[in-house]
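Chain A is the first sequence line, chain B the second, and so forth, proteins listed ahead of strands; every chain is numbered from 1.
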There are 2 protein chains.
Amino acid sequence: MEEKRMTKQDAIYHDLKNKILSGYYQPWGTMDNESVLCKRYDVSRTTLQKAIQHLKQDGLVHSRQGAGTFVNPPEFFNLYSLRSLSERNAARGRTVESKVLFYEEVPCGNLSDIFHLGSDEPLVHYSRQRFLDGKPRLVDNAYMPRYLFRNLNEETLHGSMLSYMETCGYTVSHDLQTIRPIVADDHIANLLCIQVGTPIFQTDHVIYSTRNVVLQFVSEISNEQEIKTQSVR
Amino acid sequence: MEEKRMTKQDAIYHDLKNKILSGYYQPWGTMDNESVLCKRYDVSRTTLQKAIQHLKQDGLVHSRQGAGTFVNPPEFFNLYSLRSLSERNAARGRTVESKVLFYEEVPCGNLSDIFHLGSDEPLVHYSRQRFLDGKPRLVDNAYMPRYLFRNLNEETLHGSMLSYMETCGYTVSHDLQTIRPIVADDHIANLLCIQVGTPIFQTDHVIYSTRNVVLQFVSEISNEQEIKTQSVR
DNA sequence: CAGTGGTCTAGACCACCCC
DNA sequence: GGGTGGTCTAGACCACTGC
C-alpha cells in the first residue's frame, strides 16, 4: 500500500491524537496553547487550527475562547461516528471476515428511482454475513449496477467493497445514510446471534461517485446496541 | 431577544444557505467559484472557506478539488442532525408545547456516577410530554441537581430548559448523546400516539457546563422514524 | 491586565479536473 | 493550459477568561 503524502495539518492532527489516546494529555486537562504548538510544529496558526478543528470533529478536544483547548474524556470520543462499520474496524487492525449468503443478478425494478436506471437494467444483488474478530456483527444486503462493475463476482465479495469500487476507477464522493430502529425477526436474529424481538439499527446507504452516479445501495443491519455522539455548543 | 453581532463568515453562511434553500442555486449545480464569491462578499478566501465549510457540515454542498463546489440535493441536507429536537424546531418557527407529567425531588442515588455527587444530594426529577404543532412528538425524563437550580419549579418546565440553564448563568458546553433503538411499551405508545411494539429511538443526553459540571441528565424518546445523515469521503 | 482562542487579511504555491 | 479548490504563511485585531 502506497503511503500518501501527508499534509502538515494531518501530521499535526495525528501526532496530537496519539498524544491524547496515549494519555500524554490528560482528560479535562488543557493542551499546550496555540502559540507554543505553532512553534513546536513550525507552522502558522491557521494550519494548526485546521488540525485542532479536526480533533474537535472527532470529539477529542474542545476549546473555549479566552480559556484554552481542553482534552475530552474518552466517553466523548466520536470513534463511533456514523461511518461504514467495516471500514472503521479494519482501520483498527481487527479482522473482518465475510460469508456470502447469496449472489445473483436481478432487474432494477423498484430500485430504478434510486439508480436512475431503466427497470430492466441488470443489478448485482448480494447479501453477506460479516464477522468481526470471529463474531457475527453485521448483515448487509446490496445492489450494484452491472454495467458499472462488469468483472464483479462472488470472490470480490470477500473484501471491502469500497476498495473494490475504487480499483474500478470510481471515486466515492457521498454516502447518504438513513438510520432506522427495527426489531430483529427470525432471520436476522439467527444471523446476528441475538434474540428475536431485540431492537437494533438498520442503516441504508446510497453511495455516490464523483460523477453523481449511484454506485451502490446497501442496507446494513448490525448488532450494535448504541451510537454515541457529541455536540458542542 | 438581543440580536448577536454576526461574523462575516456567519453572514455569508446564512446568505448562501438561503440561496440554496430558495432554489437560487440548483441541486447538483455548481456554485459560483471562490474568487467570485470573495469579491461579491468582499472577504478574503480564508473567511469564505470558513463559511463553505459550515455549509458542508450541514450537508448543503460538497467540493471537489479542481472541479468546483456543488449544491447537494435536499435528501443530503443534515437538517435532521443529532441535535436537541426542541431546539431544532423552535428555530424553524414551529410551536413547541409541553405538558408536565410529573415533577418531584429525589436523592441522587444511582445517578451519583453521572453527576459526581453524593447519593443523598437532591435532584429535581421531571418528565414532560412535548407537542410539535399540537401533535405529540417526544417524551423526556430528566434529572438536574437542585443545588445548581435553586429557583427551578414546575412553571419553568414549560419553556426551553437550555435557555433556562443559561439564564441561571451557566454556559452549556458539551452534550454527550447515546442513541439506542427500543420498542415502545404501553406507556410510551400511549403518550406518543403510536402502536405498542413500534421500534423507535431513545436518546440520552448528559449536558455539561463549561466548568465540566453536569447540568442535566435527560432521556428523550421521540416518535421520529429515522435519522438521515451524510458522510463525504 | 496578561493570556487565550476567534476572526480576518492578502497574498502564495500546489494538486487536481477538464478541455 | 487555464481554472478550480486545498494548503499554507505571517501577520493583525478582537472577545473572552481568569487572576
Testing dG5(C), dG18(D), dC8(C) for proximity to the side chain of T7(B), the answer is dC8(C)

To the nearest angstrom, the NZ-C1' distance between K39(B) and dG3(D) comes to 13 Å

Check: Does R130(B) come within less than 4.0 Å of E97(B), counting only side-chain N to carboxylate O?
Finding: no

Under 3.5 Å: donor-acceptor pair, side chain of N141(A), backbone of S127(A)
no

What about R64(A), does its side chain sit under 3.5 Å from the base of dG6(C) through a donor-acceptor pair? no

note: R45(B), atom CZ; dC8(D), atom P; distance rounded to Å ~ 13 Å

Checking dG5(D), dT9(D), dC13(D) against the side chain of E34(B) (C-beta onward), the nearest is dG5(D)

Between CE of M31(B) and C1' of dT4(D) the distance, given in whole Å, is 13 Å

- Taking only N and O in the side chain of T69(A), is any of them less than 4.0 Å away from OP1 or OP2 of dG5(C)? yes

Taking dG5(D), dC8(D), dG5(C) as options, the one with an atom nearest any side-chain atom of Q65(A) is dG5(C)

Of the listed dG6(D), dT9(C), dT9(D), the closest approach to the S44(A) side chain comes from dT9(D)

Using a cut-off of less than 4.0 Å, is there contact between a side-chain N or O of S63(B) and OP1 or OP2 of dT4(D)?
no

Side-chain N,O (K56(A)) to OP1/OP2 (dG6(C)) below 4.0 Å: yes

request  = Give a yes or no on whether a salt bridge exists between D42(B) and K8(B), defined as a side-chain N under 4.0 angstrom from a carboxylate O.
outcome  = no

Per salt bridge (charged side-chain N to carboxylate O under 4.0 Å, His left out), E34(A) is matched among K50(A), R45(A), K39(A) by R45(A)

Separation of dC17(C) atom C1' from N33(B) atom CG, nearest Å, is 14 Å

Review point. Okay, side chain of D32(B), backbone of L37(B): is any donor-acceptor separation there less than 3.5 Å?
Key: no

From OH of Y41(A) across to C1' of dT7(D) the rounded distance in Å is 18 Å

Any side-chain N or O of K50(B) below 4.0 angstrom from OP1/OP2 of dG6(C)?
no

From NZ of K8(B) across to C1' of dA15(D) the rounded distance in Å is 17 Å

Of dT7(D), dT9(C), dG6(C), the nucleotide closest to the side chain of Q49(A) is dG6(C)

Lys/Arg N to Asp/Glu carboxylate O, E121(B) vs R146(B), below 4.0 Å
no

Taking dA12(C), dC8(C), dG18(D) as options, the one with an atom nearest any side-chain atom of A67(A) is dG18(D)

When rounded to whole Å, the CG to C1' distance for the pair L37(B) and dT4(D) reads 13 Å

Result for 5'-nearest mapping on DNA chain D, choosing between S35(B) and L48(A), is S35(B)

Fill in: Under 4.0 angstrom between Q9(A) side-chain N/O and dC8(D) OP1 or OP2
yes

H54(A) NE2 to dC8(D) P, in whole Å, measures 13 Å

